[in-house]
Amino acid sequence: MKTPKERSVDPATIEMLDHVADQGLSTAWDRFDAMQPQCGFGQLGLCCRNCTMGPCRIDPFGDGPSEGVCGATADLIAARNLARMVAVGASAHSDHARDVTRAMLAAAEGGDYTIKDAEKLRRLAKEWGIETDDRSLSDLAKDVAETALGQFGQQEGALRFTARAPEITRKRWEDANVVPRGIDREVVCLLHGTHIGGDSDPKSVMMAAMRTALADGWGGSMIATELQDILFRTPEWLRSRTNLGVLKEDEVNIVVHGHEPVLSEMLVAASQDRDLVALAESKGAKGISLSGICCTANEILMRHGIPVAGNFLQQELAIATGVVDSMVVDIQCVMPALADIAGRFHTKLISTSKKAKVPGATHIELDESKALQIAKEIIRISIENFPNRDTARVKIPDVSSPLIAGFTAENVFTALGGRYRPSYRPLNDAIISGRIRGLAAVVGCNNPKHMQDAGHIAITKELLANDVLVATTGCTAIADAKAGLMCPEAATEYAGKGLLEICEAVGLPPVLHMGACVDISRILVLLSNVVAEGGLGECLADLPAAAAAPEWMSEKAVAIGFYAVASGAFTVLGEPLPVQGAPGLTKFLTDEVEEIFGAKFAFESDPVKAARLMIDHIDAKRAALHLPGPMYETPYAPKTAEPAMSAAE
Ligand code: NFS
């Protein structure tokens with residue numbers, strides 16, 4: 001059994017882990033310990049359950065069977081398992097996008113949802129070749145939503161957003177025959193290929209997985225991001241706070257959790273309803289306080305500045321504070337265990353997605369046509385529950401950190417380029433000169449196999465100290481914010497000299513919160529814009545940039561890793577993909593695939609070493625572009641590039 005301090009670096013989490021232990025409650029960490037030792041075949045990717053001749057498992061030591069009953073090898077079994085993870089991950093992001101698209105259709109027909117960013121709607125309509133002159137917003141919204149819906153079932157031709165990628169990146173996809181067609185088509189094809197006796201070539205299975213992943217990154221995820229911006233507003237920089245200390249002892253606490261912001265947007269509006277606020281006061285509460293967990297939290301943080309209570313591993317701990325009057329969940333990353341812990345407190349667990357029910361929860365299903373009414377009802381139920389708190393069991397850690405969030409591909413460099421001259425030029429120039437050594441995306445989950453948040457924070461600090469600008473999303477973003485890396489002052493404390501100069505010039509934190517995990521699509525657009533601006537190569541793989549997921553656990557993260565690599569981003573995973581019992585497959589993913597996409601995976605659980613792998617990659621890309629090394633001396637000096645200050649002029 002690990003102690004709380006061995007389980008997390010987050011002080012609020014450590015405090016709550018002691019508290020839940022005192023109360024005899026268990027959490028994911030305890031269930032993880034109880035699960036030891038975990039199945040070695042599964043960890044290595046060597047267990048196949050795809051038909052009932054099995055289950056089959058390959059002996060990694062070579063003493064037992066070396067192939068399944070059908071003849072599937074270790075490489076094939078691991079490849080099919082991994083491909084199925086990609087299919088599920090891509091489905092999650094994309095089905096989320098489908099629901100947002102349906103909400104936009106509802107908006108076009110009138111009702112509770114309205115278009116909040118008309119300008120972006122027009123821009124997207126133009127991008128998609130939809131007539132915009134003299135059209136009403138609702139007509140445009142209907143056409144855009146229907147066109148987006150068409151992307152799911154499209155049988156032939158490239159997904160529309162792939163046109164945003166640099167030409168050479170698209171050429172690589174064409175050459176490799178992985179241009180994503182319809183989103184649903186790619187998922188179905190991939191799953192079909194993994195059926196017993198389907199695609200028996202592990203590399204071919206992996207290429208189908210790359211194609212499906214591209215349909216996520218440049219399809220489902222990007223549609224979710226763009227349509228949410230149009231429907232709910234495009235984020236702008238804003239200030240907020242994060243960690244369990246944002247929960248309020250004297251207010252009604254409603255914690256939203258999950259991923260699809262379609263209902264939580266309405267909860268934001270409904271929580272300001274005068275009658276409901278008055279009702280809360282009549283129950284002895286000072287007000288209604290909304291906060292969130294995971295990516296639903298990130299969505300309403302980005303657009304409204306709603307505080308974030310915590311990341312993935314804090315969902316149970318939030319309830320254990322005893323002040324959560326309702327936890328309103330939609331879908332993804334919602335632990336079934338919530339029902340049990342909610343039942344041990346007064347917390348009402350309310351499930352809302354027609355796709356995700358939780359035994360023990362109250363199910364109040366979102367219906368887009370009466371979304372506001374449903375949101376008000378949920379808030380009313382939460383308020384009614386406020387007097388049921390057991391005040392003797394209340395414990396809110398006095399821990400929360402300030403943050404700046406709300407960065408997008410549009411606004412980051414409006415800032416860098418100056419308000420009146422929005423352009424990526426200053427960013428590109430900063431990279432070219434070596435003031436900024438490169439760009440990194442650090443993303444992903446918590447995983448009880450890793451000390452919570454430790455990997456996110458250590459990798460990010462190492463990158464910052466070496467003048468690498470970091471963009472982040474999802475639970476990494478929450479981890480970084482909790483650690484104080486998302487306020488402008490963080491640049492002074494953690495950034496190298498070059499990065500500090502840039503951050504100070506524009507008042508930017510050195511770590512940019514770009515939203516939920518579907519918003520990694522923002523990072524794809526950002527990098528494409530950097531290529532288009534010029535001077536840093538011709539495709540995404542040419543950029544001095546790299547990606548990492550230090551503590552990932554979800555199938556969505558696998559899909560993201562695949563589209564990152566297929567798009568040209570060297571990607572370092574803190575938890576290896578479950579392929580290590582399959583030597584041919586491991587070699588393909590960590591080596592040979594670079595030939596095809598200009599990028600590959602690396603597995604490295606030590607976050608500082610992982611950051612240095614990324615920096616080595618960035619330096620190698622700088623050298624290939626004939627750029628100088630970092631402008632100033634850095635703690636981790638380049639291995640190859642010329643000395644500092646060389647060709648900066
Ligand atoms: Ni991403 Fe966001 Fe968090 Fe992991 Fe889950 S919330 S979609 S999957 S755990 S980062």
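Whatever order the structure lists them in is the order used to number ligands and atoms, beginning at 1.
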Check your understanding: Does CZ in Arg102 sit with more than 12 non-hydrogen atoms of other residues, nucleotides or ligands closer than 6.0 Å?
Key -> no

Point to revise | For Cys295, the ligand 1 atoms whose distance to one of its heavy atoms is below 4.0 Å | key: 2 (Fe), 6 (S), 7 (S)

Revision key, fill the gap. Under 4.0 Å between heavy atoms, the region of Met553 that gets near ligand 1 turns out to be side chain

Exercise for review: List the closest protein heavy-atom neighbour of atom 7 (S) of ligand 1: residue, atom name, distance to the nearest 0.1 Å.
Suggested key: His259 NE2, 2.8 Å

Check your understanding: So, is Cys517 placed with an N/O/S atom under 2.8 Å from atom 3 (Fe) of ligand 1, counting both backbone and side chain?
Key -> no

Revision key, fill the gap. In ligand 1, the atoms that come under 4.0 Å of a heavy atom of Ser554 are 8 (S)

**Study point:** Basic-acidic side-chain contact under 4.0 Å: Arg303, Asp117
**Key:** no

**Study point:** is_close_aromatic(Phe601, Phe562), centroid dist under 6.0 Å
**Key:** yes

Exercise for review: May I ask you to check whether Gln314 and Asn446 show a side-chain donor-acceptor distance below 3.5 Å?
Suggested key: no

**Study point:** Heavy-atom nearest neighbour in the protein, as seen from atom 5 (Fe) of ligand 1, with distance rounded to 0.1 Å
**Key:** Cys333 SG, 2.3 Å

Review point. Looking at atom 3 (Fe) of ligand 1, what's its closest protein heavy atom, distance included?
Key: Cys475 SG, 2.3 Å

Exercise for review: Taking atom types as modelled, find out whether Gln228 and Lys116 have a side-chain donor-acceptor pair closer than 3.5 angstrom.
Suggested key: no

Check your understanding: Hey, does His93 sit under 4.0 Å from ligand 1 if you only count heavy atoms?
Key -> no

Point to revise | N, O or S atom of Cys445 closer to atom 4 (Fe) of ligand 1 than 2.8 Å | key: yes

Check your understanding: Near Phe312, which atoms of ligand 1 are under 4.0 Å from a heavy atom of that residue?
Key -> 9 (S)

Exercise for review: For a side chain to side chain contact (heavy atoms under 4.5 Å, CB included) with Leu244, tell me which candidate from Leu317, Val399, Val308 qualifies.
Suggested key: Leu317

Review point. What atoms in ligand 1 come closer than 4.0 Å to a heavy atom of Cys294?
Key: 6 (S)

Point to revise | Salt-bridge present (Lys2, Asp30; N to O < 4.0 Å) | key: no

Point to revise | For Lys556, the ligand 1 atoms whose distance to one of its heavy atoms is below 4.0 Å | key: 5 (Fe), 7 (S), 8 (S)

Check your understanding: Under the side chain to side chain donor-acceptor pair (under 3.5 Å) criterion, do His259 and Glu299 qualify, and how do the steps go?
Key -> CA-CA 8 Å; His259 285 76; Glu299 298 279 8; over 6 Å; no

Check your understanding: Does ligand 1 have any atom that is closer than 4.0 Å to a heavy atom of Gly444?
Key -> yes

